[in-house]
Amino acid sequence: MALNYIWTGFFLVGFIAALAQWLFMGDTEIFKRIIDGTFDAAKMAVMDIALPLAGVMTFWLGIMNVGEKAGLIQRFAHVIAPFFARIFPGVPREHPANGHMVMNFSANMLGLDNAATPFGLKAMESLQSLNPQKDEATDAQLMFLVIQTSGLTIIPLAVMAQRAVLGAANPADIFIPTLIATYTATIASIILVGLRQRINLLDPVIFAWIGGTAALIASMVFSFTYFLDKSQIQLVSSVVANLVLFGVIAAFMTAALRKRVNVFETFIEGAKAGVETSIKIIPYLVGMIVAISVVRNSGVLGLIVSGFAWVFNALGLQTDFVGALPTALMKSLSGSGARAMMIDAIKTYGVDSFVGRLASILQGASDTTFYIIALYFGSVGIRKTRYAVSYGLLADLIGIIAAIFVAYLFFG
């Protein structure tokens, strides 16, 4: 029901804001901008997101099927099974969902969004097979989705590339701050949802995995900082991320051939689900993206940012970060919108300014909560999202606070 009220609220708040601008400010073009925006957003949802996603999903779901038949996904799942068995207690250890979630998290951490989405949709479909009430999200689905919204990305490749295009002196200087912010948001989301679901977070296995992951990230940060110069960080990140992904494809095919699996037919069998899933999610994408465009074009987002600036000024607090807030607020709504906000902040304040760097960190430190909820739950027909929205937004808020903190620490 929360998503129902929020979605409806986007339109109603947008209408009230537009009406006020027409009556009190004489803006006779406001309604035209909003309606034009709804047409553009609906077209973008289908032509720029759903249809391109169909191609990507067709390929990766085919590759996923090859990996399953080869037995490698089950091996991945077996390695992480002790940890997943504790944070996803409703999922059997040998269930395929574990392997799908591992693949999704791995692709996300490498910043490979195009591969992460098909893996994530496959994971949600697998989790749905365990769901006794098909229209209501299970605890496991909620934990999986909130971790998604925290946006754990070890290598913010797309952001670093964008900074390079915009002329940053050191495009990779946001690498470590982004890693700290996104990891903080992810751990916080696991803890918050774990407490809500009464999971024993002091379990030695959970403690060891979280501690081990933190140590691994710390060692990687140390290695990148002390053994690579700034230009090499971006190069190594790009090569490693894409090498790992291509290596997965090669490994799946090699293992399938060793098991005498008909690789091509297996690929085709899995790929058929890509188009079906993409068509199924179109109504959810159109509905959410059009609602977001109404909020943006009605000026509500700008009003919220101005309100934040006024409050912080009144409290005598620093307001250096306010220029980056549009990126933070838009990120929960729309990935492409947040990217546009980041670019606008960089062009306005400078790519190497405090605001420019903070906007870049914010872009990589969280994910698009409403888009993810619409996409993932829509793909399996879940209507009752329980506390997905509130906890997803809470994960976003923690990521925003962490990003602002590390930005002051590194660049303030």
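Computed from a predicted model, the values in this text were never measured in an experiment.
For the pair K331 (side chain) and Q363 (backbone), a donor-acceptor distance under 3.5 Å is present. A donor-acceptor pair is defined here as one N or O able to donate and one able to accept, closer than 3.5 Å; such a pair exists between the side chain of S353 and the backbone of G356. Proximity of a side-chain donor or acceptor of N98 to a complementary backbone N or O of P92 within less than 3.5 Å is detected.
A cation-pi arrangement is present between R196 and Y387 under the rule of less than 6.0 angstrom and at most 45 degrees off the ring axis.
Pairing each heavy atom of F377 with each of A137, the nearest pair is CZ-CB, 3.7 Å. In terms of heavy atoms, A324 sits closest to V355 at N-CG1, 3.7 Å. I63 approaches I249 most closely through the heavy-atom pair CD1-CG2, 4.1 Å. Scanning all heavy atoms of the two residues, the minimum distance from T182 to S150 falls at OG1-O, 3.6 Å. Nearest heavy atoms, G287 versus W7: O-NE1, 2.6 Å. Looking at every heavy atom in both residues, I34 comes nearest to S298 through CD1-CB, 3.7 Å.
Counting heavy atoms of neighbouring residues, nucleotides and ligands inside a 6.0 Å radius, atom NZ of K134 exceeds 12 of them. Atom CD of E136 has more than 12 heavy atoms from other residues, nucleotides or ligands within 6.0 Å.
To the nearest 0.5 Å, atom OG1 of residue T149 and atom CZ of residue F370 are 10.5 Å apart. Atom CD1 of I210 is separated from atom OG1 of T186 by 10.5 Å, given to the nearest 0.5 angstrom. The line from OH of Y391 to CZ of R386 is 10.5 Å long, rounded to the nearest 0.5 Å. Expressed to the nearest 0.5 Å, how far OG1 of T178 lies from CG of L362 amounts to 8.5 Å. With rounding to the nearest 0.5 angstrom, the CD1 atom of I400 is 13.0 Å from the CD1 atom of I361. Taking CG of L358 as the reference point, atom OG1 of T327 lies at 8.0 Å (rounded to 0.5 Å).
By the 4.5 Å heavy-atom criterion applied to side chains, S126 and H95 are counted as neighbours. Under the 4.5 Å side-chain criterion, counting only non-hydrogen atoms from C-beta, R163 is in contact with V351. V66 is not listed as a side-chain neighbour of V261, based on a closest heavy-atom distance of 4.5 Å or more. At least one side-chain heavy atom of D27 sits less than 4.5 Å from a side-chain heavy atom of R33. The side-chain heavy atoms of Q148 and Y376, taken from C-beta on, include a pair separated by under 4.5 Å. F83 places none of its side-chain heavy atoms less than 4.5 Å from the side chain of F88. Counting only heavy atoms from C-beta outward, the side chains of F15 and F31 approach each other to under 4.5 Å. Under the 4.5 Å side-chain criterion, counting only non-hydrogen atoms from C-beta, N131 is in contact with Q141.
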Before you tell me yes or no, could you show the steps for K259 and K69 under side chain to side chain contact (heavy atoms under 4.5 Å, CB included), namely the whole-Å CA-CA distance, both residues' side-chain angles and the distance that decides it to 0.1 Å? CA-CA 9 Å; K259 292 190 70 172; K69 292 293 193 297; over 6 Å; no

Take F405 and F321, measure what ring pair (Phe, Tyr, Trp, His ring centres under 6.0 Å) needs, and give me the verdict at the end. CA-CA 10 Å; F405 177 80; F321 64 90; over 10 Å; no

Trace of the side chain to side chain contact (heavy atoms under 4.5 Å, CB included) decision for Y408 with D320: CA-CA 10 Å; Y408 275 112; D320 299 348; 3.5 Å; yes

Report the C-alpha distance between N65 and T266 in whole Å, list the side-chain angles of each, state the deciding distance to 0.1 Å, and finish with yes or no for side chain to side chain donor-acceptor pair (under 3.5 Å). CA-CA 6 Å; N65 200 42; T266 302; 5.3 Å; no

For side chain to side chain contact (heavy atoms under 4.5 Å, CB included), just list the numbers for V13 and V295, CA-CA rounded to whole Å, side-chain angles, deciding distance to a tenth of an Å, and then say yes or no. CA-CA 8 Å; V13 170; V295 173; over 6 Å; no

For side chain to side chain contact (heavy atoms under 4.5 Å, CB included), just list the numbers for V102 and F84, CA-CA rounded to whole Å, side-chain angles, deciding distance to a tenth of an Å, and then say yes or no. CA-CA 9 Å; V102 170; F84 272 19; 3.9 Å; yes

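Side-chain contact, H100 with E125: no donor N or O sits under 3.5 Å from an acceptor N or O.
Legend: residues meeting side-chain contact (heavy atoms from CB on, under 4.5 Å) with P326, ordered by chain and number and at least two apart, are V305, M341.
Between Y349 and F354, the distance from one ring center to the other does not fall under 6.0 angstrom.
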